[in-house]
Amino acid sequence: MPNEVKSLNEECGLFGIWGSNENETAGLIHDGLHSLQHRGQEGAGIVVMDNEHHIHRHRGLGLVSQVFSDNYVFDDLKGNIGIGHVRYATAGSHGVKNIQPFTFHLDDFTDFSLAHNGNLTNADTLKRTLQSKGASFNSDSDSEILGQLIKMSKQVKFIDRLKEALRQIKGGFAFVLSTGDELIAALDPNGFRPLVIGRREDGSYVVCSETCALDQVNARYIRDVKPGEVVIINNNGITNDFFTNDTNLAICSMEYIYFARPDSVIHNVSVHEARMRMGALCAKENPVDADVVIGVPNSSLSAALGYAKGSNIPYDMGMIKSQYVARTFIEPTQKKRERGVSMKLSVVKSVVEGKKVVLVDDSIVRGTTSKYIVQLLKRSGAKEVHVRIASPALRFPCFYGIDIQTTEELIAANHTVSEIKDIIGADSLGYLSVDSLIKAINLKNDHGEGSGLCTSYFDGKYPTPLYDYQAQFDKSAEELGLYEEDNYIERSI
Ligand code: AMP
């Protein structure tokens, strides 16, 4: 898919609740989704199961506050169990039919709904097989496949149908599901995406993508869902099962670098603290003589603070961000992305005028943001701009749910560090090494070994086969010479 923005990528946010007051359930899901808004801004939806096990749903395109702007929609969302979803997708797949949660009718006694965060790597193959067996799809989303597999299963109990379906899907997936009386959570064998369980004082249970959503609804953190695990919450409390024992935690390192909110804690690692350490280690690896450290708001501020601490260069608020522009990365064309960045960011001139500035960002993907900011800082009077990236160079696409699926769009896959420095107009450029990233996050896998992280965007080491994506990836990797031994990664220039 050269130079084309691929259509279906799901870096999304999930929230589910069991056992809340029937008049409060939808409101709590709304509040939880609101705090997960950073994980998806294209659409939002809520499903509530009523006491007769009927499904009630409201969903739409836009931010949570837009989709649920009319209070009357909550009158139709009454019940003790519900799930919600915020969706992040790129161009091409707009339309309410792709907004989750999806709902399914299994038999006269069972309706269920589900919501997904991640990307299935064998979706095309499974979809073709399911269609040949008569399944009819209501969306273009890979997330619907799990529901169709559950419907097709010959198992009797819902949980057995689900486990059978989970064994067939590959890639990155965190799911929340609700039946008439249960809330269920499931995570892929590598735990690529975060998913946590909490409990409120009224006894209700919450399962959601990040702990910031637990805080939002006053739920106490219980634990993270484990790779390969299915968690079932019903009148018997919490029980669990595994659909596979072949597990190896490899959580997406971009969750720590960029996606998650800094007040979240993933696998007992504070996102803010991890970013501070990334910044501090970046300072040790890429020192520079400068007057002030500034960060690109908001996702880079923790790393910029860390860089300042690690380098003993003062930190200041050199840039501010408009609260009213959505994330620019998902804009479908380069022109729109550039305009989006310019509307979003402005410089506090007095902080940078006549100074040697260290500009810390969490990552460079296409280079749009850094190029624009370097120009802006220079126009605002900065004497020198030294760009420091608090993560390694992004050279390989992600197939597990982050919206970077083609090597062609990654500037570091196509250019050396010194070329990137010139393209973005910086006086110097430095990246964090993969080793320091691993050190900064300081995690172990679920067997107490290794890094517990997926770092494939930086080193091309994918923790699973790529299934439907393998041929496409091999072709572009070969074209770009990514497999050649002497194509080593420079870190700074
Ligand atoms: P770019 O302008 O294309 O180089 O994008 C870099 C900016 O996008 C960084 O400042 C990050 O904060 C942000 N970013 C990094 N990865 C992603 C992603 N997968 N989706 C959306 N935004 C991202």
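Indexing begins at 1, ligand by ligand and atom by atom, following the structure's order. Atoms considered below: every heavy atom in the structure, side chains included; atoms not considered: hydrogens, waters and symmetry mates.
- Ligand-side atoms of ligand 1 in range of Phe259: 18 (C), 19 (N), 20 (N), range being under 4.0 angstrom from any heavy atom.
- Between Tyr462 and Phe473, the two ring planes are perpendicular [angle over 60°; tilted spans 30° to 60°].
- The nearest pair of heavy atoms linking Tyr431 to Glu285 is O-OE1, 4.0 Å.
- At least one donor-acceptor pair closer than 3.5 Å links the side chain of Lys355 to the backbone N or O of Val351.
- Residue-ligand proximity, Thr368 to ligand 1, at heavy-atom distances under 4.0 Å covers atoms 1 (P), 2 (O), 3 (O), 4 (O).
- Among the candidates Ile438, Leu443, Val434, Thr455, the single residue satisfying the side-chain contact (heavy atoms from CB on, under 4.5 Å) test with Ser253 is Thr455.
- The closest approach between Val296 and ligand 1 stays at or above 4.0 Å for every heavy atom of the residue.
- For the pair Ser370 and ligand 1, the shortest N or O to N or O distance does not fall below 3.5 Å.
- A cation-pi arrangement, defined by a distance under 6.0 Å to the six-membered ring centre and an angle within 45 degrees of its axis, is present between Lys127 and Phe137.
- In Val365, the parts holding a heavy atom less than 4.0 Å from any atom of ligand 1 are both the side chain and the backbone.
- With ligand atoms numbered from 1 in the order given, ligand 1 contributes 4 (O) to contacts under 4.0 Å with heavy atoms of Ile364.
- Listed by atom number, the atoms of ligand 1 under 4.0 Å from Ser299 heavy atoms are 12 (O).
- What you find for Tyr307 and Pro287 is that their closest heavy atoms are OH-CA, 4.1 Å.
- Below 3.5 Å of separation, one finds no N or O of Ile402 facing any N or O of ligand 1.
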Show the numbers, then the answer: is there a ring-ring contact (aromatic ring centres under 6.0 Å, His included) between Tyr457 and Phe396? CA-CA 4 Å; Tyr457 338 94; Phe396 295 88; 9.6 Å; no
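- Under the 3.5 Å distance criterion, the side-chain polar atoms of Ser209 are matched with a main-chain donor or acceptor of Leu14.
- Taking distance alone, with nitrogen or oxygen atoms compared against 3.5 Å, Gly367 approaches ligand 1 more closely than that limit.
- With ligand atoms numbered from 1 in the order given, ligand 1 contributes 9 (C), 11 (C), 12 (O) to contacts under 4.0 Å with heavy atoms of Asp362.
- Per-residue contacts place Asp361 under 4.0 angstrom from the following atoms of ligand 1 (heavy atoms of the residue considered): 9 (C), 10 (O).
- For the residues Tyr457, Tyr88, Tyr258, Tyr372, the heavy atom positioned nearest atom 14 (N) of ligand 1 is part of Tyr258.
- Under the 4.0 angstrom criterion for non-hydrogen atoms, Met254 is in contact with ligand 1.
- Using the six-membered ring where Trp is involved, His34 and His30 have ring planes that are parallel, under 30° apart on the 30 and 60° scheme.
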